[in-house]
Structure formats: structure tokens, C-alpha cells
There are 2 protein chains.
Amino acid sequence: MAAENQALSPGQRRPDQVATRLERLILDGVFRPGQLLPSERRLCDRLGVSRASLREGLRILRSKGIIDTRQGHGSTVATLLPVNQQSPLMHLFKDHPRTLFDLLEVRALLEGESARLAASRGTSADRVLITRRYHEMADYAETAEPIDVERLARFDHAFHLAVSQASHNPVLVHTLQSLTDLLLSSVFASVKHLYHLPVPRAMINQQHAQLHDAVVSGDAEQAKQVALEHLSSISQLLRDLEVEHDRLERSSMRLEEWQ
Amino acid sequence: MAAENQALSPGQRRPDQVATRLERLILDGVFRPGQLLPSERRLCDRLGVSRASLREGLRILRSKGIIDTRQGHGSTVATLLPVNQQSPLMHLFKDHPRTLFDLLEVRALLEGESARLAASRGTSADRVLITRRYHEMADYAETAEPIDVERLARFDHAFHLAVSQASHNPVLVHTLQSLTDLLLSSVFASVKHLYHLPVPRAMINQQHAQLHDAVVSGDAEQAKQVALEHLSSISQLLRDLEVEHDRLERSSMRLEEWQ
DNA sequence: TGTGGTGCATTGGTCTGACCAGTAATTGGT
DNA sequence: ACCAATTACTGGTCAGACCAATGCACCACA
């Protein structure tokens, strides 16, 4: 062993120490963004750990987005430092398109109930607000020439939010909000495509109009139905966009084989 | 090399494949939150990779917060945290007890769908587990002399969790879990009374039996209906209790585990 | 004088097998 | 019945070997 391994925090294993020490070196400016780190073998020597531990340490930094590694080349300090730390759930949802549809399944359920309650419980003030939000969205969708997708998405969101708030169930509003946030932050790119294609946009606009009419007219069952169809067709559109996915093979796996 | 290594995304190295495959297994419910994963050596065997690569894969999951590892013990699937843990909803609970019924309203919706999906999508393994959980609960409810309410609540919770997991929709499971956690961490200990009064307990037991039968027999609509009635009657019972509970109030009730 | 190929040294990627270090169930003695 | 030692696990670490991609120095040929 080439270097002293001073005890850090009791829970700190070698790979964690490696990550910590390298982070420190980067923060101290010893290794600068864009710069190539020493080779793994050299780092092992300098830090006094085995290559396995060193590599696990680098793996930590890599998954934090702090370094970038290329075989045959080396590891470079990333130029863009990590911005935000997301919830564990977010990581699971990312890169697993299947969960997107699971999410839409739940959202459809909640949106349907939300629309139903909004139609039956909504006050006149609620309806005025819903109508205002609807027109903000619809006017923009029809008049704007080069559509700012993000701006339209905000209007869209505001409209749905107004509907859910008219349900007068804070828990419902909150849960829906959570799922929507999750959806937008994980698959925002896919959603953007929907707004760019003319046919889906027309369909969405029409469904929004129907939803608005049903809610403000107080037709609860119709509102629920429209909302369900709305989410259903969005799901279908996304499914069509989805590049053929290998859902096979893993459904046959059973717990017993793993014990 | 023990297993074929089908090419995934070109950039996917072994550790990334390991992480991806394990994530899928978790999402598929083969490995469930709180459960202990097979040992590293066994996983190496099953996945056909070396222990070094396997450990780097686990390191990825660990840094994502998906698993938790303890030396000498093993790796457990982390309990999925709520989308937003510290939500303003908590404050609402404190001051507005009516939120409890809003919560139950949303829960009924999700439980209903969860039961419906469990009945239609549940595998035979799911049904076996559901039946086991049901009997653990029912046997205890009938045989125990002085009923340990907390213990019964745990069985109750395990039963409902098994049903929701059989829906094979991680988002649904997670959302339901979030709402349940909200209940647990709030001050509504009144549910405890439900288990103490003989009449409500009998009704709950019967509904559980119906729910179990409907789900394992694959009767989706029946399952949904029973679940809805279950939550509905619980809500009603709580509503009745609230009247007399207003007098007692201000007791130092601990938060209880409740389905 | 380019210019394109060819090797080779260096890098990360992976595997193997060994040993260290906690954990928890089992066992055996009191 | 209880408590301590044993033991059979678990993850943590190490060493050294080989594979695969990279990129540069070198050299042959136009």
C-alpha cells in the first residue's frame, strides 16, 4: 500500500474516499474542467487504492456527471457541473419508457375524476377561471405562427390545473401536480414532438374544447369521459412515436430463479 | 463466460447493463422495495458478469438511491420516497381535517383501479402472495384474543400492498404508497378506533374477503367495485366517529400504521 | 513533399481468484 | 433459559492478467 489511508467518516469506504478526494482536487483547481485526468493506473498509485476501488470511485463521479470517460482515451473533468439532484424515483422513470405509460394510466384516472368533480362541484368563479385559461391557451394555439412549444405547454398546464382545482379536492390537485411534474421532467422531449406535429395538435385542441364545454356546462359524466379520451389519445400518440421497444423476455422472469 | 451478452445500446458497458437489467427487474416487481437482493456472487452467476462489473453496476444504483447496501448483510431495494416529501399538504392536514376525506376520495379511486388491474393483470405468483397475505391477516383477526391493533394494521397494509403490486404499475403503487404515508404521518389516529369496535371490524373483514376472492378469481370489475365500497365504508365510518371524537379529541394518540 | 497505412504504446474495460471484514444464525456450555 | 463462541454467510478490497479502443509515431508509396 503506497499511501496512508486516514480514516474519514466511519461509513466511508475506499471508493467513496476516492470520489471525495478527487472532487476536492477538482474544486481546488488542481484538475480543471475539460482537463484529462491521470490514467487509472497512475491514480491507483497516487491514491493508494486498487484499481477496482478506484474504478468504483470514478463510477460515482461519472454518475454524478462530474467526469466523462472514454475507453482508450481517459477521463476528463466535465465542463458543465451538475445542476440538480433528482428523486430516486426520477432515475427509475428515466430511460424506462414503459413507466411513461404506467404514469399516463394513473394520470388518466385522476384527470377523469378531476374533470368529473370539477363539473359537478365547480363554482361559477371556477368556471370563469377555467374559461379564461382555456381561451388563453386556445387563442395562442391558433394565432401564433411559429409556436413556442414551451409557452404553449405552460398554457396547457394552466388549463388542466384550473380544472383540477375546481374539483375542490386539494389532495387530488396535489397528486396530479406531482405526476405532471414527473411527466414533464422525464419525457419533455417526447411531449414537445406532439405539439410540433399538426395532426395531434388539432386533435388535442379539439379535446380541450370538449373538456372545457363539458366542465363549464356541468356535465360531469361527459367531462370525465372526455378527459379519459384525452389522456388515452395522448398515450396512444406517444406510443406511436416510441421507437420499437423490447418489452419481451423480462416478463418471463420469476423470483424463484434468483434465490 | 456464462451467459450470452446481447448487445444493447452501443455505449452500454457491462456495469450499465447490470444496472439497467436490475432496474427493470425492480420495476417489474421481481425485486420489490424493502426486499433483500440476492448476494453479489449469485447475481454475478445469474447475470453472467464478473463481480467487479457487477459491483460497478450496483454502485450506479446505489448512487441513484435505488438500493442500499450494508456490509455483511446485503443490498436491499430502497423504499421509494414520495415524489415531494415535504409537501405543503402536511400543513393542510393540521388545520383542515376535512382533507382526510379528500385523501380517502383519491385513495378510493386508486385502490379501485389497483384492484381492477390486479385482477386482470396479476400473475399466478401474485395471487399466491395475495392469498398468503390475506390469510396472515384474516387468521390473526379471528384467532387473536386481545387484538394488537398495530399488528393487525400491519397485516392489513401488507395485504393491500400485495394487491397494488399485482397491478404491475409502479407509478400506481408508488402514488398509493405516498398517500398512505401521508395518512400515517398525520395525526389521524381515529382509524385506530375502527379496529377496536367489533361491528366495523367485522365489516372490514368481510370486505377484505370479498376483495381477495374477486382479485384471485380474476373478476376485475367486481374487484374494483369491492375496493370502492371498502374505502367508501371506511370513509363513512370515520365520518360517524368524527362526531363523538370531537368531544374526546386532544388525546396523545400515536400515529398508527394503517393500510 | 505530402499522404495514407501500419504498429505499437497507452488508455479504459473486464475477468479471476484470493483474502479481509462485518453480520447473524447456530451451537454449545453454564 | 440464558449468554458466549463458533461458523457460514454477506459485502469490501486487492493483485495481476488479458481484451478492446484510441491515438500518435513511423514508414512506405505516390
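Here the structure is a predicted model, which is why all the values come from computation and not from measurement. Naming: A, B, ... by sequence-line order, numbering from 1 per chain.
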Visitor: Can you check each nucleotide of nucleotides 20-26 of chain D against protein heavy atoms at under 4.0 Å and return B for base, S for sugar-phosphate only, - for none, in 5' to 3' order?
Guide: BBSS---

Visitor: Is the distance from OP1 or OP2 of D:dT10 to the nearest side-chain N or O of B:S39 less than 4.0 Å?
Guide: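 Checking B:S39 against D:dT10: at least one side-chain N or O falls below 4.0 Å of OP1 or OP2.
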
Visitor: Please lay out, stage by stage, how B:Q17 and B:T20 fare under the test side chain to side chain contact (heavy atoms under 4.5 Å, CB included).
Guide: CA-CA 5 Å; B:Q17 293 180 24; B:T20 301; 5.7 Å; no

Visitor: With sequence neighbours excluded, tell me which residues meet side-chain contact (heavy atoms from CB on, under 4.5 Å) with A:S53.
Guide: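 For A:S53 the side-chain contact (heavy atoms from CB on, under 4.5 Å) partners, ignoring immediate neighbours, are A:R14, A:P15, A:V49, A:S50.
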
Visitor: Relative to the 5' end of DNA chain C, which residue comes earlier, B:S50 or A:G74, by the nucleotide with the nearest heavy atom?
Guide: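 Checking each residue's closest nucleotide, the 5'-ward one belongs to A:G74.
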
Visitor: Provide, to the nearest angstrom, the distance between the CG atom belonging to B:L58 and the C1' atom belonging to D:dG11.
Guide: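 About 10 Å, once rounded to whole Å.
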
Visitor: Take the protein atom CG of B:L54 and the nucleotide atom C1' of C:dT16, then report the distance between them rounded to whole Å.
Guide: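 In whole Å, C:dT16 C1' lies 14 Å from B:L54 CG.
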
Visitor: Please state whether the phosphate of C:dC15, meaning OP1 or OP2, lies under 4.0 angstrom from any side-chain nitrogen or oxygen of B:S53.
Guide: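 So the side chain of B:S53 is within the cut-off, an N or O lying under 4.0 Å from OP1 or OP2 of C:dC15.
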
Visitor: Could you check how far CZ of A:R42 sits from C1' of C:dA9, rounded to whole Å?
Guide: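 Taking CZ of A:R42 and C1' of C:dA9, I get 13 Å after rounding.
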
Visitor: Whole angstroms only, please: what is the CG-P distance between B:D45 and D:dG11?
Guide: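 Those two atoms, CG and P, are 14 Å apart.
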
Visitor: May I ask you to verify if any side-chain N or O of B:R55 is less than 4.0 angstrom from the OP1 or OP2 atom of D:dG12?
Guide: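 Answer is yes, contact under 4.0 Å.
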
Visitor: Whole Å only: how far is the CZ atom of A:R41 from the C1' atom of D:dC19?
Guide: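 After rounding, the reported distance stands at 11 Å.
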
Visitor: B:E40: what forms a side-chain contact (heavy atoms from CB on, under 4.5 Å) with it, not counting sequence neighbours?
Guide: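 B:E40 satisfies side-chain contact (heavy atoms from CB on, under 4.5 Å) with B:R51, B:L54, B:R55, B:L58 once adjacent residues are dropped.
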
Visitor: What is the separation between atom CD on B:E56 and atom P on C:dC15, rounded to the nearest whole Å?
Guide: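 Going from B:E56 (CD) to C:dC15 (P), I get 10 Å.
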
Visitor: When you measure from the side-chain N and O atoms of A:R51 to the phosphate of D:dT13, is any distance below 4.0 Å, counting only OP1 and OP2?
Guide: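 False: A:R51 side-chain N/O out of range (4.0 Å or more) of D:dT13 OP1/OP2.
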
Visitor: Name all residues meeting the side-chain contact (heavy atoms from CB on, under 4.5 Å) criterion together with B:Q206; count only those two or more places apart in sequence or in a different chain, and write none if there are none.
Guide: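 For B:Q206, the residues satisfying side-chain contact (heavy atoms from CB on, under 4.5 Å) (neighbours in sequence not counted) are B:Q210.
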
Visitor: For B:L129, which residues count as a side-chain contact (heavy atoms from CB on, under 4.5 Å) partner, sequence neighbours excluded?
Guide: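 Applying side-chain contact (heavy atoms from CB on, under 4.5 Å) to B:L129 gives B:R32, B:R132, B:R133.
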
Visitor: Measuring from atom NE2 of B:H230 to atom CD of B:E111, what distance do you get when rounded to the nearest 0.5 angstrom?
Guide: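 Output value for this atom pair is 7.0 Å.
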
Visitor: Taking side-chain hydrogen bond (donor to acceptor under 3.5 Å, both in side chains) as the definition, give me every residue that meets it alongside B:R41, ordered by chain and number, with sequence neighbours left out.
Guide: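 Not a single residue meets the side-chain hydrogen bond (donor to acceptor under 3.5 Å, both in side chains) criterion with B:R41.
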
Visitor: For the side chain of A:R14, starting at C-beta, report the closest nucleotide among D:dG11, D:dC14, C:dC15.
Guide: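 Selected nucleotide (nearest to the side chain): D:dC14.
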
Visitor: Could you give the CD-to-C1' distance, from B:E40 to C:dG22, as a whole number of Å?
Guide: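 It works out to 13 Å between those atoms.
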
Visitor: Please give, in whole Å, the distance from C:dT23 P to B:D68 CG?
Guide: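 Atom-to-atom, B:D68 to C:dT23, this comes out as 13 Å.
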
Visitor: Which is more 5' along DNA chain D, the nucleotide nearest B:A52 or the one nearest B:L37? Just name the residue.
Guide: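 Comparing both residues, the 5'-ward one is B:L37.
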
